[in-house]
Amino acid sequence: MENVKDWCISRQLWWGQQIPAWYTPDGTCIVGRTKEEAFSNLSGNQWTINDLRQDNDVLDTWFSSWLWPSQVFKGITEPGNEELKYYYPTSVLVTGQDIIFFWVARMVMAGLEYEKEIPFKDVYFTGMVRDKLGRKMSKSLGNSPDLLELIDKYGADAVRFGIMIAAPAGNDLLFDEASLEQGRNFNNKIWNALKLVKMWEENPNGIVNDEATVPNDFASLWMRNRINEARLEVERLLKEFKLSEALKTIYSLIWDDFCSWYLEWQKPEFGGATINSKLQATIGFFEELLQLLHPYMPFITEEIYHQLKEQNDDLSVKQFEEAGTVDEKIIAQGEILKNVISAVRDARVKNNVKNKEAIRLHIQAEVRADYEPLFSILERQVNAEGIAFTDATVEKCINVLVQKDKLYIETQTELDTTAQKEQLEKDIAYLEGFLISVEKSWATSVLYRTPSRK
């Protein structure tokens, strides 16, 4: 915006907003809204109105566009009106980087000239959509997909998701239909989550009110803190215009934390009734997740929001409450729970222990208090008939290491210790090789950092 120069306001085009200037045969120029107005402003009467010829050029597109921030509220024709005062200036302009001078800079010029204030605070430049070969999409190359066909095939929300998830701030996007498939799969995941919650509501074994479970419901405490944590992260990313990263955060929160873990932890026991406090907490969390996702996928989120329960308003106008605090201890315990469940399930597969076979789990942990709130969920998730702490090695068990803690899985099936030993030896060999490569890299970096001595 330094050293700003004038630009030619006209173009030699056959269509457009023709310049309101008329010329007499001797070259005299008269300006008027109409030909009649221009003729009335002509001094002397040596010419007739039919002698006037309008300028052939039209106003440059950007000349009219530079007035957009104010004239959309009639700022030029009705200066100082209430709408203009309310909406001008706005906060963010979203546009492409290829028209920075053609449009963005000129809107700033017009804003300073007519409103004495720039029309926006921030400008977010989107990247260019390119094909897999990195070429700009164009009709001449025939590499531009038909958007309506994509919407018919994947759905409007899936297309929006696919574009946004692959569009890092300011960088070009290499378009790939695989990201649209990911969006469609995400749609299906959310629909299936809704079906599961509705099944809990229609549980043939009924719904019971068990308020005593609320203070000890670790799954709800963890989900509450995960949503708070993710919301704070999303708010930070949006302020930095990292729209793609914000969507990835929401995607992981819904797909992994809510659908893959939380719903599994909260589902009613087989043949048991639905606990109402857990059901209502789940519905509340689901609503918050839909609201987080709504700007990216507005159609499915609005539909599911109204199917969850009877609502008094639409999701599109619902206001977010301020994000709550995050209890890092509960977040850490949730990670422990996920890691232990995954480790036990993996050990079952490696040792051919069927999921329906009940086990006994012995935990040798540095901090026992981290595990105590997790026992009720662990027992159901790994099919354990008992969980206990231990200070010593438990013989004839499957040994599993989870960070610094040791798990001893006691099974009814006789274990093949030879296979377990071979697997442990492979793991040790891999870790030793990895350690050697790290030490070599460290030694090399130290060698090149040390100044030479003569």
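Counting non-hydrogen atoms of neighbouring residues, nucleotides and ligands closer than 6.0 angstrom, the CZ atom of Phe320 exceeds 12 such neighbours. Counting heavy atoms of neighbouring residues, nucleotides and ligands inside a 6.0 Å radius, atom CD of Gln17 does not exceed 12 of them.
No donor-acceptor contact under 3.5 angstrom links the side chains of Arg184 and Asn188, judged on distance only. Inspection of the Tyr305 and Glu287 side chains reveals no N or O donor paired with an N or O acceptor under 3.5 Å. Side-chain N/O atoms of Thr301 and Gln291 include no donor and acceptor closer than 3.5 Å. Side-chain contact of Asp26 with Gln46: a donor-acceptor pair under 3.5 Å is absent, judged by distance alone. Donor-acceptor pairing under 3.5 Å is recorded for the side chains of Asp256 and Ser252. The closest side-chain donor-acceptor pair between Asp314 and Ser316, if any, does not fall under 3.5 angstrom. Side-chain N/O atoms of Glu181 and Asn185 include no donor and acceptor closer than 3.5 Å. Remark: the Thr48 side chain and the Asp51 side chain contain an N/O donor-acceptor pair separated by less than 3.5 Å.
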Between Glu201 and Lys198, is the salt bridge (Lys or Arg N to Asp or Glu O under 4.0 Å) condition met? List the steps. CA-CA 5 Å; Glu201 287 184 331; Lys198 287 299 180 183; 3.2 Å; yes
Arg224 and Glu288: salt bridge (Lys or Arg N to Asp or Glu O under 4.0 Å), yes or no, with the steps? CA-CA 10 Å; Arg224 172 74 277 152; Glu288 289 189 55; 2.7 Å; yes
Please lay out, stage by stage, how Tyr262 and Phe285 fare under the test ring pair (Phe, Tyr, Trp, His ring centres under 6.0 Å). CA-CA 10 Å; Tyr262 173 78; Phe285 294 147; 5.6 Å; yes
Given side chain to side chain contact (heavy atoms under 4.5 Å, CB included), test Thr28 with Trp47 step by step and report yes or no. CA-CA 11 Å; Thr28 301; Trp47 310 111; 5.7 Å; no
Check step by step if side chain to side chain contact (heavy atoms under 4.5 Å, CB included) holds for Val197 and Phe286. CA-CA 10 Å; Val197 173; Phe286 209 156; 4.2 Å; yes
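Between the side chain of Asn81 and the backbone N or O of Phe73 there is at least one donor-acceptor pair closer than 3.5 Å. Side chain of Asp405 to main chain of Leu401: no donor-acceptor pair is present (N/O by atom type, distance under 3.5 Å, no hydrogens or angles). A donor-acceptor contact shorter than 3.5 Å is absent between the side chain of Asp172 and the backbone of Ala167. In this structure, Ser179 contributes its side chain and Gly162 its backbone to a donor-acceptor pair below 3.5 Å. With hydrogens and angles disregarded, a donor-acceptor distance shorter than 3.5 Å links the side chain of Tyr88 to the backbone of Glu117. At least one donor-acceptor pair under 3.5 Å links the side chain of Lys116 to the backbone N or O of Glu113. Panel note: side chain Asn225, backbone Ile330; no donor-acceptor pair is recorded below 3.5 Å. No donor-acceptor pair closer than 3.5 Å links the side chain of Asn203 to the backbone N or O of Met199. Looking only at distances, no side-chain donor or acceptor of Asp55 sits under 3.5 Å from a matching main-chain atom of Ala21. Checked by atom type and distance alone, the side chain of Arg348 pairs as donor or acceptor with a backbone atom of Val382 at under 3.5 Å.
Looking at Lys132 and Asp176, their side chains come closer than 4.5 Å, going by heavy atoms from C-beta outward. Here the side chains of Ile300 and Trp191 are in contact, with some heavy-atom distance below 4.5 Å. When side chains are defined from C-beta on, Ile49 counts as touching Lys35, because their heavy atoms get closer than 4.5 Å. Looking at Leu93 and Val104, their side chains come closer than 4.5 Å, going by heavy atoms from C-beta outward. Counting heavy atoms from C-beta on, the side chains of Leu84 and Lys74 never come closer than 4.5 Å. The shortest distance between side-chain heavy atoms of Leu247 and Leu293 falls below 4.5 Å. Here the side chains of Arg345 and Gln381 are in contact, with some heavy-atom distance below 4.5 Å. Side chains of Asn143 and Lys136 form no contact here, defined as non-hydrogen atoms less than 4.5 Å apart.
Evaluation of the salt bridge (charged side-chain N to carboxylate O under 4.0 Å, His left out) rule for Lys153 yields Glu177 as partners, not counting sequence neighbours. In this view, Phe375 and Phe389 satisfy the ring pair (Phe, Tyr, Trp, His ring centres under 6.0 Å) rule, not counting sequence neighbours.
With Phe161 as reference, Phe186 is the one residue of Tyr154, Tyr296, Phe186, Phe299 to meet the ring pair (Phe, Tyr, Trp, His ring centres under 6.0 Å) rule. Put simply, the residue from Thr282, Asp217, Thr274 that forms a side-chain hydrogen bond (donor to acceptor under 3.5 Å, both in side chains) with Gln266 is Asp217.
Here the closest non-hydrogen pair linking Ile118 and Pro89 is O-CB, 3.3 Å. Listed here is the closest heavy atom pair of Met107 and Ser65: CG-O, 3.9 Å. Considering every non-hydrogen atom in both Ser220 and Ala281, the closest pair reads OG-CB, 3.8 Å. Taking both residues in full, the closest heavy atoms of Arg160 and Pro298 are given as NE-CD, 3.3 Å, listed atom of the first, atom of the second, then distance. Nearest approach of Gln333 to Pro373, heavy atoms of both residues: NE2-CG, 3.8 Å. Taking every heavy atom of both residues into account, Leu180 and Ile163 meet most closely at CD2-N, 4.4 Å.
Here the straight-line distance linking atom CD1 of Ile165 with atom CD of Gln182 works out to 6.0 Å at 0.5 Å rounding. A distance of 11.5 Å separates CG of Leu232 from OG1 of Thr249, quoted to the nearest 0.5 Å. Between the CZ atom of Phe241 and the OH atom of Tyr124 there is a distance of 9.0 Å, given to the nearest 0.5 Å. If you take CD1 on Ile190 and NZ on Lys195, they are separated by 13.0 Å, rounding to the nearest 0.5 Å. The distance from atom NZ of Lys189 to atom CZ of Phe258, rounded to the nearest 0.5 Å, is 11.0 Å. Between Asp157 atom CG and Met297 atom CE the span is 5.0 Å, to the nearest 0.5 Å.
A salt bridge links Glu229 to Arg226: one of the charged nitrogens lies within less than 4.0 Å of a carboxylate oxygen. A salt bridge links Asp257 and Lys338; the closest N-O separation between the charged side-chain nitrogens and carboxylate oxygens is under 4.0 Å. In summary, Arg106 and Asp60 engage in a salt bridge, as defined by a charged side-chain N under 4.0 Å from a carboxylate O. Using a cut-off of 4.0 Å between Lys/Arg side-chain N and Asp/Glu carboxylate O, Glu240 and Arg236 are scored as salt-bridged. Using a 4.0 Å cut-off between a side-chain N of Lys or Arg and a carboxylate O of Asp or Glu, Lys318 and Asp313 do not qualify as a salt bridge.
Checked against a 6.0 Å centroid threshold, the rings of Trp255 and Tyr251 count as neighbours. Annotation: Trp265 is in aromatic contact with Trp222 [ring centroid separation under 6.0 Å].
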